[in-house]
Amino acid sequence: MRLSEFFLPTLKENPKEAQIASHLYMLRAGMIRQSSAGIYSWLPLGFKVLKKIEQIVREEMDRAGCQELLMPTIQPAEIWQESGRYDDYGKEMLRITDRHDREMLFGPTNEEMITEIVRSSVRSYKDLPINLYHQQWKFRDEVRPRFGIMRGREFLMKDAYSFDLDQTGAKLSYNKMFVAYLRTFARMGLKAIPMQADSGAIGGDMSHEFLVLADTGESEVFCHKGILEFDVPADDVDYSSDLQPIVDKWTSLYAATDEKADEAQHAELGDSLVTARGIEVGHIFYFGDKYSKAMGATVAGPDGKDVLIEMGSYGIGVSRLVGAIIEASHDDDGIVWPEAVAPFKVGIINLRAGDEACDAACEGAYAKLLEAGVEVLYDDRDERGGAKFANMDLIGLPWQLVVGPRGLKDGKVEVKNRASGEKEELPLDAALAKLTG
RNA sequence: CGGGGAGUGGCGCAGUCUGGUAGCGCACCUGGUUUGGGACCAGGGGGUCGGAGGUUCGAAUCCUCUCUCCCCGACCA
């Protein structure tokens with residue numbers, strides 16, 4: 001993509017409404033534009049990142065044996081009345097009436113909808129287990145949206161729902177999601193720690209929140225420092241094998257959000273205690289037959305008798321992750337994208353657009369990178385160097401290829417690593433080899 | 001939902017107290033000089049002051065109502 005043709009409305013100055021880094025940089029880097037409180041348009045740069053995250057989530061869910069589908073944003077009130085949540089949900093639920101005076105709502109989550117789908121088509125225990133997910137926009141009419149997309153009213157969420165014959169099966173499904181979540185967040189360059197969460201009426205230990213550690217996180221978290229060193233399961237992890245040891249390991253050491261903090265534990269841990277700030281990006285929980293019971297979702301068991309389906313649900317805040325990643329990875333100059341989610345891998349800076357040698361070198365590099373399948377943004381605008389550097393640092397592409405008349409005289413270009421700030425002068429070919437490698 | 005603050009070109013703000021018909025910086029357009037960390041000079045375009053009503057010869061400015069946005073708190077993927 002040539003920057004001269006790319007819709008990238010960056011801002012030099014700080015918009016006053018932005019209070020935290022991710023919000024500020026997303027606005028300044030032209031990733032999002034606010035429409036109304038807690039509702040945003042995703043501009044091309046931001047949308048690219050959102051898609052990258054969505055794809056990683058998809059790959060890891062599929063790897064874990066889940067199947068993707070897509071449920072509507074607008075749901076009928078009936079199924080919510082059936083589960084009893086139509087009244088419970090209160091003002092957070094955006095209610096709509098259609099032209100036939102039928103009560104509808106913009107879905108804040110999809111337990112009812114998925115239960116409705118499964119109960120009407122799954123009749124036998126032989127059809128289980130099954131885990132269905134989608135990545136769809138949700139709406140929760142928050143009283144006070146804030147922090148940009150981190151706590152918007154409209155947000156993109158991946159929600160998966162598992163259906164099992166019994167609790168033993170549900171536990172297996174739960175463990176798969178636990179492992180998939182570890183992998184998903186790690187792939188985005190994040191340190192995400194599973195922490196015991198409220199498991200509601202069901203009880204037990206089958207509910208975890210995944211918190212990304214970032215200095216600017218919204219809540220205080222505590223954990224044993226050993227957790228930070230744990231290995232994330234590799235991509236060849238066998239989801240059909242017993243995953244319990246992995247789950248046990250990750251839950252063996254103390255980790256808690258401030259609501260669940262245990263002062264006694266803290267004292268005991270001493271130097272091993274890490275106090276940090278975190279952002280919740282995922283939540284998995286088992287809720288048994290809460291919805292299957294209310295909505296009559298049963299299957300015929302091996303003995304021919306109907307049994308209620310055991311369910312769990314597993315959420316990931318996809319749009320929130322964009323903000324969480326920025327919170328975890330930025331500096332005073334702007335965003336520092338982990339390569340896996342970067343909107344482009346390389347940014348080419350032409351320091352003297354219009355200069356024959358610079359143009360030729362840049363065009364050549366641009367063509368070769370594209371040919372090699374590297375996502376590249378070429379700043380071909382007629383701007384001064386300083387403006388280009390500042391802009392490129394702001395949007396945070398992992399690599400910058402700087403081409404100017406000074407270096408070109410010696411046949412050299414500069415490759416800068418955005419994260420480390422490390423710069424290397426080398427011949428163009430060597431630079432391209434490095435960036436395509 | 002309680003408490004506070006703010007709405008003036010795309011962005012950031014001044015002007016409001018003490019009414020006289022809108023200004024600054026950035027951005028944008030034209031020309032020129034520049035060009036390795038957000039250049040300079042000259043010229044130029046764009047707002048009717050969130051909205052409605054009222055007071056007045058005259059309202060961004062005073063009064064009433066209303067909408068929206070932001071911040072703190074309680075609440076949440």
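Not measured: the values here are computed from a predicted model. Within every chain, numbering begins at 1; the chains are lettered A, B, ... in the order of the sequence lines, protein sequences first and strands thereafter.
- Between Tyr366(A) and Tyr378(A), the ring-plane angle classifies as tilted under the 30° and 60° cut-offs.
- Among the atoms of the strands shown, base atoms are found under 4.0 Å from some heavy atom of Val402(A).
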Nucleotide N/O to protein N/O under 3.5 Å, stretch nucleotides 32-34 of chain B:
{"unit_1": "U34(B)", "atom_1": "O2", "unit_2": "Arg384(A)", "atom_2": "NH1", "d": "2.8"}

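- Heavy atoms of Thr109(A) sit nowhere under 4.0 angstrom from any nucleic acid atom.
- Taking atom CG of Asn391(A) as the reference point, atom C1' of G36(B) lies 16 Å away to the nearest angstrom.
- Residue contacts shown for Lys409(A) are absent, as no nucleic acid heavy atom lies under 4.0 Å away.
- A cation-pi arrangement is present between Lys48(A) and Phe344(A) under the rule of less than 6.0 angstrom and at most 45 degrees off the ring axis.
- When rounded to the nearest whole Å, the span between CG of Leu27(A) and C1' of G12(B) equals 14 Å.
- Under the Watson-Crick or G-U wobble criterion, with both distances below 3.5 Å, U48(B) is left unpaired in every strand shown.
- Nucleotide G38(B) is matched to nothing when pairs are restricted to Watson-Crick or G-U wobble geometry with both distances under 3.5 angstrom.
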Per-nucleotide protein contact string for nucleotides 71-77 of chain B (B base, S sugar-phosphate only, - none; heavy atom under 4.0 Å): BBBBBBB

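- In this structure, Glu218(A) does not pair ionically with Arg277(A), as no charged nitrogen and carboxylate oxygen lie closer than 4.0 Å.
- Among the heavy atoms of the strands, none lies under 4.0 Å from Lys388(A).
- Comparing the P positions of U66(B) and A27(B) gives a spacing of 42 Å, expressed to the nearest Å.
- In this structure, the CZ atom of Arg381(A) is 14 Å from the C1' atom of C28(B), given to the nearest Å.
- Side chain to side chain, Ser162(A) and Asn131(A) fail the donor-acceptor criterion of an N or O pair below 3.5 Å.
- Using a 3.5 Å distance cut-off with no hydrogens or angles, the side chains of His208(A) and Tyr174(A) do pair a donor with an acceptor.
- Taking the C1' atom of each, G20(B) and C49(B) are spaced 16 Å apart, rounded to whole Å.
- Classified by interplanar angle (parallel below 30°, tilted 30° to 60°, perpendicular above 60°), the ring pair Phe178(A)/Phe210(A) is perpendicular.
- Within the shown strands, C24(B) is the pairing partner of G12(B) under the Watson-Crick or G-U definition, both distances less than 3.5 Å.
- Between C28(B) and U61(B), the two P atoms lie 33 Å apart (nearest whole Å).
- Separating the OH atom of Tyr40(A) from the C1' atom of C69(B) is a distance of 10 Å, rounded to the nearest angstrom.
- Mapping Arg352(A) and Ser36(A) onto RNA chain B via the closest heavy atom, the residue that lands nearer the 5' end is Arg352(A).
- Using a 4.0 Å heavy-atom cutoff across all strands shown, Asp393(A) reaches at least one base atom of the nucleic acid.
- Partner assigned to U61(B) is none, using Watson-Crick or G-U wobble distances below 3.5 angstrom.
- A59(B) and A52(B) have their C1' atoms separated by 15 Å, given to the nearest Å.
- Going from the C1' atom of A77(B) to that of G5(B) covers 29 Å, rounded to whole Å.
- In this structure, a donor-acceptor pair under 3.5 Å is absent between the side chains of Ser219(A) and Asp258(A).
- Residue Lys16(A) places no side-chain N or O under 4.0 Å from the OP1 or OP2 atom of G12(B).
- Residue Glu383(A) places no side-chain atom within donor-acceptor reach of the base of G38(B), judged by atom type and a 3.5 Å distance cut-off alone.
- Under the Watson-Crick or G-U wobble criterion, with both distances below 3.5 Å, C17(B) is left unpaired in every strand shown.
- Every side-chain contact (heavy atoms from CB on, under 4.5 Å) that Arg146(A) has, sequence neighbours left out, goes to Arg144(A), Arg151(A).
- When the P atom is used for both G36(B) and C40(B), the distance is 13 Å, rounded to whole Å.
- Using a 4.0 Å heavy-atom criterion, one finds that Lys158(A) contacts no nucleic acid atom at all.
- Distance noted for atom C1' between U48(B) and A22(B): 8 Å (whole Å).
- Below the 3.5 angstrom threshold, one finds no donor paired with an acceptor across the side chain of Arg406(A) and the base of G37(B).
- Using a 4.0 Å cut-off between charged side-chain N and carboxylate O, Glu229(A) and Lys191(A) make no salt bridge.
- Look at G73(B): its Watson-Crick or wobble partner, with both distances under 3.5 angstrom, is C1(B).
- Note that Lys249(A) lies in the cation-pi zone of Phe230(A), set by a 6.0 Å cut-off to the ring centre and a 45° limit from the axis.
- With 3.5 Å as the limit, one finds no donor-acceptor pair spanning the side chains of Tyr291(A) and Arg119(A).
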